[in-house]
Amino acid sequence: MENDSDVRICPICNKEALREDMSFTRDCHGITYRLVCNNCYFKLMAKGYDGAYYDESDECLDFDY
């Protein structure tokens, strides 16, 4: 890889990849989740979203709730 290239580490496979060869996954609501290499992207997005399914009840951040 060239010295002036933007090289990142994929958090899933821990391999180096050029930024242009990486994509952001999306959660079940279409919100950007994480940046991964394209090889990992297709595996993570196989069910249509990355991560676990959640709804509004999971988003309450109040401690007293």
* Co-membership, hydrophobic cluster, residues M45 and V36, 4.5 Å side-chain -> yes
* Same cluster or not: are I9 and L18 linked, directly or through other Ile, Leu, Val, Met, Phe, Trp or Tyr residues, by side-chain heavy atoms under 4.5 angstrom apart? -> no
* **D21 and C37, any side-chain heavy atoms less than 4.5 Å apart** => no
* Asked: D50 versus R34: any side-chain heavy-atom pair under 4.5 Å?
  -> yes
* Asked: If you measure from the Lys or Arg side-chain nitrogens to the Asp or Glu carboxylate oxygens, is any gap between R8 and D6 under 4.0 Å?
  -> yes
* **Any donor-acceptor pair under 3.5 Å from T32 side chain to R26 backbone** => no
* Asked: Looking at side-chain heavy atoms only, is the closest gap between L35 and R19 below 4.5 Å?
  -> yes
* Asked: Between Y54 and D27, is any side-chain donor less than 3.5 angstrom from a side-chain acceptor?
  -> yes
* Asked: So if you build clusters from Ile, Leu, Val, Met, Phe, Trp, Tyr with side-chain heavy-atom gaps below 4.5 Å, do L44 and Y41 land together?
  -> yes
